[in-house]
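Model, not experiment: these values are computed from the prediction. In listed order, ligands and their atoms are each counted from 1. We use all heavy atoms of the structure for the numbers below, so side chains are in, but hydrogens, waters and symmetry mates are not.
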Amino acid sequence: MGFATTAIHAGNEADPTTGSVTVPIYQTSTYQQDGLGKHKGFEYARTQNPTRMALERNIAALEGARFGYAFASGMAAIDATMRLIKAGEHVIVSDNTYGGTFRLFTRILQNYNIEFDFVDTSDAGNVEAAIKPNTRMVFVETPTNPVMIVTDLQAVSDVAHRAGARVVCDNTFMSPYLQRPLEFGVDIVVHSTTKYLNGHSDGVGGIVVLNDEEDANWIGFVQNSAGAILSPFDSWLVLRGTKTLALRMEQHDRSGRAVAAFLEEHPKVQKIYYPGSLSHRQHDLAKRQQKGFGGMVAFDVGNLENARTVLESVKLCTLAESLGGVETLISHPATMTHASVLEETRTRLGITDGLVRISVGIEDTDDIIADLDQALEKL
Ligand SMILES: *Cc1c(COP(=O)(O)O)cnc(C)c1O
């Protein structure tokens, strides 16, 4: 079955009691049992909820995975994944990872004697060089936020597997429509469903999908034991969101390319970051492992004053953090999403004061470009 068919049907069986075509929101905390030890497979809603389980089957199918576990946020999903790591073990992480991931690893998990090394994973050689006898996981994000650095998933998986380490990929920026990391040897995929999977900027959630049964059982055990589950209503929203994922991603990708091409030609724009651009140093790699380039585009207008003018002159684009929704969002990484990153790290990564990031939505492409054009005219 094709992706769009799977998106609409996987996990979305008609309700057995009423025939309801959409999976109902099972808003219950517990389930009646027929007798002692006799129940229908549902005991308590932290442990089992049909709406959440439908979503887990749906997204697992979209990533080509056997198992899925939905959480209350992307960070809760990442936190649960890290419970595969024990005290004394070592994890290698993409150095340009999502700020919340960096914060979780360095401010919380490091207190439990888990060792982290942050390296530029766009060169698998750096991963190989960072491997230690106790390395048990390599955690990558590709493309990264906001400068769109791409990691070769197959190369990193090969290096990690030779050392007996699992590979986790945060696939939030691409969605399974544009990139399916498990096909390149990655072991575990995590998402903030808050972004493209839900797609409508109206819910926060996360998911972990994987194939290894032992690891899956452990993540399921953590989900039930620590309890950061996704609510039935939020599960339902994401389940509704993924039905249009293929259509939405096609349009995000189409407009993303058009916006990037417009910005690249604009005299007031000094540099753009978009793997779909021929000027991106990893364009060929992105083309090889992604089905498209998506809707995330960053561009540099030289300094803070210019960035402020653009951000405050746009009318259609909304100034806000987050990404992946139907509406175009525009943000300033240096003072918003990446404010907590050390200035020297920001400079090294290219997150300058003049950098502006857009999450290109699915409005009419011409309207998005016209809005950016009139804002850039003010410079
Ligand atoms: C937003 C985001 C997260 C965190 O997800 P929440 O749902 O906000 O907890 C993790 N990784 C990436 C790449 C993100 O964009």
Side-chain angles (χ1 to χ4, degrees), residues 52 55 59 63 68-82 91 93-109 118 121-122 137 139-151 153 167-179 181 186 188-209 223 226 228-231 233-235 237-238 241-242 249 252 256 273 275 290 294-298 320-325 329-333 336-341 349 351 357-361:
R52 190 180 80 225
L55 174 68
I59 298 182
E63 287 284 5
Y69 300 94
F71 292 88
S73 68
M75 289 321 305
I78 292 170
D79 185 56
T81 303
M82 299 316 291
V91 180
V93 191
S94 293
D95 62 353
N96 180 209
T97 192
Y98 178 74
T101 303
F102 181 77
R103 181 174 58 192
L104 172 69
F105 291 1
T106 56
R107 302 284 301 279
I108 300 180
L109 298 180
F118 295 84
T121 56
S122 70
M137 182 186 284
F139 187 105
V140 301
E141 215 175 293
T142 179
T144 59
N145 173 24
V147 290
M148 310 302 284
I149 296 166
V150 181
T151 285
L153 293 172
V167 179
V168 179
C169 177
D170 182 336
N171 199 26
T172 301
F173 262 44
M174 286 286 98
S175 90
Y177 184 72
L178 294 179
Q179 175 170 275
V186 166
I188 302 174
V189 171
V190 296
H191 279 280
S192 166
T193 62
T194 313
K195 318 295 168 52
Y196 287 108
L197 290 175
N198 184 55
H200 294 71
S201 308
D202 53 12
V204 172
I207 194 145
V208 183
V209 302
Q223 183 193 42
I229 49 165
L230 191 62
S231 77
F233 182 59
D234 286 301
S235 298
L237 280 175
V238 182
T242 59
M249 293 316 297
H252 283 297
Y273 297 88
Q290 300 170 198
M296 299 304 298
V297 185
E321 293 194 11
S322 199
L323 61 112
L329 300 180
I330 194 161
S331 67
H332 186 242
M336 294 169 73
T337 47
H338 290 67
S340 62
V341 177
L349 294 170
I351 307 171
R357 186 192 83 176
I358 325 175
S359 168
V360 178

Exercise for the section: Report yes if some N/O of I78 lies less than 3.5 Å from some N/O of ligand 1; otherwise report no. Expected result: no
Exercise for the section: For ligand 1, find out whether one of its N or O atoms is nearer than 3.5 Å to an N or O atom of T194. Expected result: yes
Problem - T97 and E141 side chains, donor-acceptor separation under 3.5 Å - result: yes
Handout entry: Shortest non-hydrogen contact between M174 and T142, atoms and distance
Key = CG-O, 4.1 Å
Exercise for the section: Please state whether D170 comes within less than 4.0 angstrom of ligand 1, counting heavy atoms only. Expected result: yes
Problem - Contact check, G324 vs ligand 1, heavy-atom distance below 4.0 Å - result: no
Exercise for the section: Hey, can you tell me if F105 and F139 have their rings parallel, tilted or perpendicular (30° and 60° cut-offs)? Expected result: perpendicular
Practice task
Find the distance between CG (L323) and CG (L329) and round it off to the nearest 0.5 Å.
Solution key: 7.5 Å
Exercise for the section: Any chance you could measure I330, atom CD1, to M336, atom CE, to the nearest 0.5 Å? Expected result: 10.0 Å
Practice task
Run the numbers for me: atoms of ligand 1, each under 4.0 Å from some heavy atom of E141, listed by number.
Solution key: 13 (C)
Practice task
Check ligand 1 against S73 and write out every atom of the ligand that is under 4.0 Å from a heavy-atom position of the residue.
Solution key: 7 (O), 9 (O)
Exercise for the section: Would you mind finding which of G205, S192, G203, G206 brings a heavy atom closest to atom 5 (O) of ligand 1? Expected result: S192
Practice task
Could you check Y177 against Y196 for ring-ring contact (aromatic ring centres under 6.0 Å, His included), going step by step and ending with a plain yes or no?
Solution key: CA-CA 10 Å; Y177 184 72; Y196 287 108; over 10 Å; no
Shortest protein heavy-atom distance from [atom], along with the residue and atom involved:
atom	value
atom 3 (C) of ligand 1	Y98 CE2, 3.4 Å
atom 6 (P) of ligand 1	G74 N, 3.4 Å
atom 15 (O) of ligand 1	K195 NZ, 2.7 Å

Handout entry: side-chain contact (heavy atoms from CB on, under 4.5 Å) partner of N96, the single match among T151, T121, I351
Key = I351
